[in-house]
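Nothing fancy with the numbering, it's 1 onward along the sequence. Small disclaimer: the values here were computed from a predicted structure and weren't measured.
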Amino acid sequence: GKYTVVATNKHGSMESEPLEIEVEDAGEKLAEALDVEGLLFATGGDRKWSLSKVSDAEDGDAAKVSATSTFQESWLMTQVEGPGVMEFQWKVRSPDKEDLLTFLIDGEVAGSLPGDTDWDWAKFVIPEGRHTLEWSFSRVSWASGSHMAYVDALEFYVPEDSAPEFVEQPFDVDLEGLGSAEFNVEVDGWPFPEFQWYLNGEPIKGETSDALFFDSVWPEDVGEIWVVAKNKHGELKSEVVNLTLDLEVDKELADALDAETLSFLGTPDFEWVAQTDESSDGEDALLMTGLPDFGGDLQYAVLKTRVEGPGEFSFQAKIEGDLQIFRAFIGEGTVWGRDFVTIRDKAIDWTEHKIDIPEGRHTVSFMFLQGPKNGGGDSSLWLDEVKFKSSEKPNPQTELVLGVVSEGKLTFQFEAVPGRTYQLQRSTDLVTWELDREVKPEQAKASLDVKIDPASRARFYRIKSE
């Protein structure tokens, strides 16, 4: 049909030129290709998705798109009313792994499939409300040959109500040096369960999905890990697994950096040296030099620390050399990035650098890469005077005030910092604590209601701030 828009203010109104939209019957063909009824589909981009005969697909057909040149992108889209579960099969045919097929929910990436991957089954939980689902295929590869993406056997449904049940359990992770760790579970149950991960009996703040990821594992992260899945029909604890780390914190690193309150971990391949020949404070500093000449194998030195934001992280740095890369950043990144602090192919005298640290726990990484020496000497990096200044308000004395016990609930108040997150935790033995809920009071006087079950055994509660 034809659409117009009218703009009006106190001086008058004006109507736009009409926009005519025509809907092709391709949506019906796409629904047929995807083996689904009751959903409408649209397609666009550089190339359109279409029904195609595919010998190894369910029912012999699937939705398919081909990319004929590099950097082409094509999308397939529908809308659903949640909550529910979306299942489908997808596949990418490509000469290498560069191409990417992505599934998005309301524009946010929920899953992806790299190039040259055979049929794979995917399952995603769609939250309550109306949501746009999109499959986007991007050709990044320059290689010649076929570049195709397929989607098939799509099903959107609301499961029957059931208590949580683990389909896949987490596994132990053993690290012999600086590295990351990931724990995943797959759980059935409806309504889809809520999750809370635990480390050595303590709930891990903010870790409430079906996956737990440590971008850098520190000695304080090691121990027993499990997750609790819970919905209105019950709750279930996963198997207990272990995270181990064979790496000791070198206290000399913190001493040389004047950061005794922080811990530092460096990659074992290259040694960070505490020395007194060069420093910004006239005492000592940390030196990295003698890295391999730039070649086919990418080798660089890494130093990491961890801070609890919000706050300001600062340090002094000096670089000698003509071809090298120095980076300092928070979160995940590579030596090729350009955000935060990045200094390329330039010598600098002692200079202070600052990084704003947002709220929460963050890893700060230093990276140093030697460029081509071209017959010359080594590039060198010195670090000194590392400081972290927290901007967090101090914790006030928390005063619990017993309220009224009535109608099967206990009401109490506590002193709070407005805007800060507090955890209400519960226990039956004062040893193992579980997260009951998180609250972020808007007033200095916070109130909480706790339901009392007369049939349950004794239960203890405590409140912890960030």
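No side-chain heavy atom of Trp197 sits less than 4.5 Å from a side-chain heavy atom of Val228. Within the 4.5 Å cutoff, no side-chain heavy atoms of Pro358 are placed close to those of Pro310. Proximity of Val85 to Trp190: side-chain heavy atoms (C-beta onward) are separated by under 4.5 Å at one or more points. For the pair Trp226 and Ser238, the minimum side-chain heavy-atom distance is below 4.5 Å. Annotation: side chain of Val273 is in contact with side chain of Glu271 (closest heavy-atom distance under 4.5 Å). Looking at heavy atoms from C-beta onward, Val36 lies out of side-chain contact with Glu155 at the 4.5 angstrom threshold. Between Asp116 and Asp96, every side-chain heavy-atom pair lies at or beyond the 4.5 Å cut-off.
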With side chain to side chain contact (heavy atoms under 4.5 Å, CB included) as the test, would you mind laying out the steps for Phe166 and Leu236 before giving the verdict?
-> CA-CA 8 Å; Phe166 283 93; Leu236 190 62; 3.5 Å; yes
Passes side chain to side chain donor-acceptor pair (under 3.5 Å), Arg47 versus Gln72? Steps please.
-> CA-CA 8 Å; Arg47 306 270 295 179; Gln72 282 188 341; 4.7 Å; no
Stepwise side chain to side chain contact (heavy atoms under 4.5 Å, CB included) check, Leu298 with Leu369 = CA-CA 8 Å; Leu298 191 62; Leu369 172 70; 3.9 Å; yes
Would Leu253 and Lys251 count as a side chain to side chain contact (heavy atoms under 4.5 Å, CB included) if you check the C-alpha gap in whole Å, the side-chain angles of each, and the deciding distance to 0.1 Å?
-> CA-CA 5 Å; Leu253 299 179; Lys251 294 183 179 180; over 6 Å; no
Under the side chain to side chain donor-acceptor pair (under 3.5 Å) rule, what do Gln79 and Thr132 come out as? Steps first, then yes or no, please.
-> CA-CA 4 Å; Gln79 286 190 328; Thr132 299; 3.1 Å; yes
Ser314 and Lys387: CA distance, side-chain angles, deciding distance, side chain to side chain donor-acceptor pair (under 3.5 Å) verdict | CA-CA 5 Å; Ser314 63; Lys387 301 175 184 177; 5.9 Å; no
Stepwise side chain to side chain contact (heavy atoms under 4.5 Å, CB included) test for Ile105 and Ile126 | CA-CA 8 Å; Ile105 303 176; Ile126 309 300; 3.7 Å; yes
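Separation of atoms OG1 (Thr244) and CG (Asp246) is listed at 8.0 Å; rounding is to 0.5 Å. In this structure, the separation between OH on Tyr300 and CE on Met367 is 4.5 Å, given to the nearest 0.5 Å. Note: Leu257 CG to Asp284 CG = 8.5 Å, rounded to the nearest 0.5 Å. Between the CG atom in Asp221 and the CG atom in Leu212 there is a gap of 9.0 Å [rounded to 0.5 Å]. The CG atom of Leu383 sits 9.0 Å away from the CZ atom of Phe264 when rounded to the nearest 0.5 Å. Note: Glu182 CD to Phe213 CZ = 6.0 Å, rounded to the nearest 0.5 Å.
For the pair Glu438 (side chain) and Leu424 (backbone), a donor-acceptor distance under 3.5 Å is absent. When atom types are taken as modelled, the side chain of Asp345 and the backbone of Gln324 share a donor-acceptor pair closer than 3.5 angstrom. Using modelled atom types, one side-chain atom of Thr289 and one backbone atom of Ser379 make a donor-acceptor pair closer than 3.5 Å. For the pair Trp119 (side chain) and Val151 (backbone), a donor-acceptor distance under 3.5 Å is absent. With hydrogens and angles ignored, the 3.5 Å screen pairs a side-chain donor or acceptor of Thr342 with a backbone N or O of Asp339. Within the 3.5 Å criterion, the main-chain N or O of Phe388 finds no donor-acceptor partner in the side chain of Glu312. A donor-acceptor distance shorter than 3.5 angstrom exists from the side chain of Asn231 to the backbone of Pro191, with no hydrogens or angles considered. In this structure, the side chain of Gln196 engages the main chain of Ile204 through a donor-acceptor pair within 3.5 Å. Between the side chain of Asn200 and the backbone N or O of Glu224, at least one donor-acceptor pair lies under 3.5 Å. Between the side chain of Gln423 and the backbone N or O of Gln425 there is no donor-acceptor pair closer than 3.5 Å.
For the residue pair Ser141/Glu98, the side-chain donor-acceptor check at 3.5 Å is not satisfied. At a cut-off of 3.5 Å, with distance as the only test, a side-chain donor of Ser280 or Glu385 sits close to an acceptor on the other residue. Residues Thr363 and Arg306 bring no donor and acceptor atom of their side chains to less than 3.5 Å of each other. Looking only at atom types and distance, the side chain of Trp350 has a donor-acceptor partner in the side chain of Glu278 under 3.5 Å away. With no hydrogens or angles considered, no side-chain donor-acceptor pair links Lys48 and Thr43 at under 3.5 Å.
By the 4.0 Å N-to-carboxylate-O rule, Lys318 lies close enough to Glu320 to be salt-bridged with it. Salt-bridge annotation for Lys373 and Asp322: absent, with no side-chain N of the basic residue lying under 4.0 Å from a carboxylate O of the acidic one. A salt bridge links Arg361 with Glu308: at least one charged nitrogen is closer than 4.0 Å to a carboxylate oxygen. Ion pair Arg426/Glu434 flagged as a salt bridge, since at least one NZ, NE, NH1 or NH2 atom sits closer than 4.0 Å to an Asp/Glu carboxylate oxygen.
Residues Phe366 and Ala328 approach most closely at CD2-CB, 3.8 Å, considering heavy atoms. Smallest separation of non-hydrogen atoms from Leu286 and Ala274: CD1-N, 3.8 Å. Annotation for Pro292 and Phe270: closest pair CD-CE2, 3.5 Å, computed over non-hydrogen atoms. Here the closest heavy-atom approach between residue Phe294 and residue Pro372 is recorded as CB-N, 3.5 Å. The two residues Leu199 and Glu220 have their closest heavy-atom pair at CD2-O, 3.7 Å. What you find for His353 and Ile343 is that their closest heavy atoms are CE1-CD1, 3.8 Å.
Under the 6.0 Å cut-off for aromatic ring centres, Trp49 and Phe41 do not qualify, their centroids lying 6.0 Å or more apart. Two rings, from Tyr198 and Phe195, have their centers 6.0 Å or more apart.
For the pair Arg462 and Trp433, the cation sits on the ring face: its NZ or CZ lies under 6.0 Å from the ring centre, inside 45° of the axis. Lys91 forms a cation-pi arrangement with Tyr150, by the criterion of a distance under 6.0 Å to the ring centre and an angle within 45° of the ring axis.
The one candidate from Leu291, Leu303, Ile319, Ile348 that meets the side-chain contact (heavy atoms from CB on, under 4.5 Å) condition with Leu381 is Ile319.
Aromatic ring pairs are classed by plane angle as parallel below 30°, tilted from 30° to 60° and perpendicular above 60°; the pair Phe340 and Phe329 is tilted. Between Phe71 and Trp142, the two ring planes are perpendicular [angle over 60°; tilted spans 30° to 60°]. Between Phe124 and Phe88, the two ring planes are parallel [angle under 30°; tilted spans 30° to 60°].
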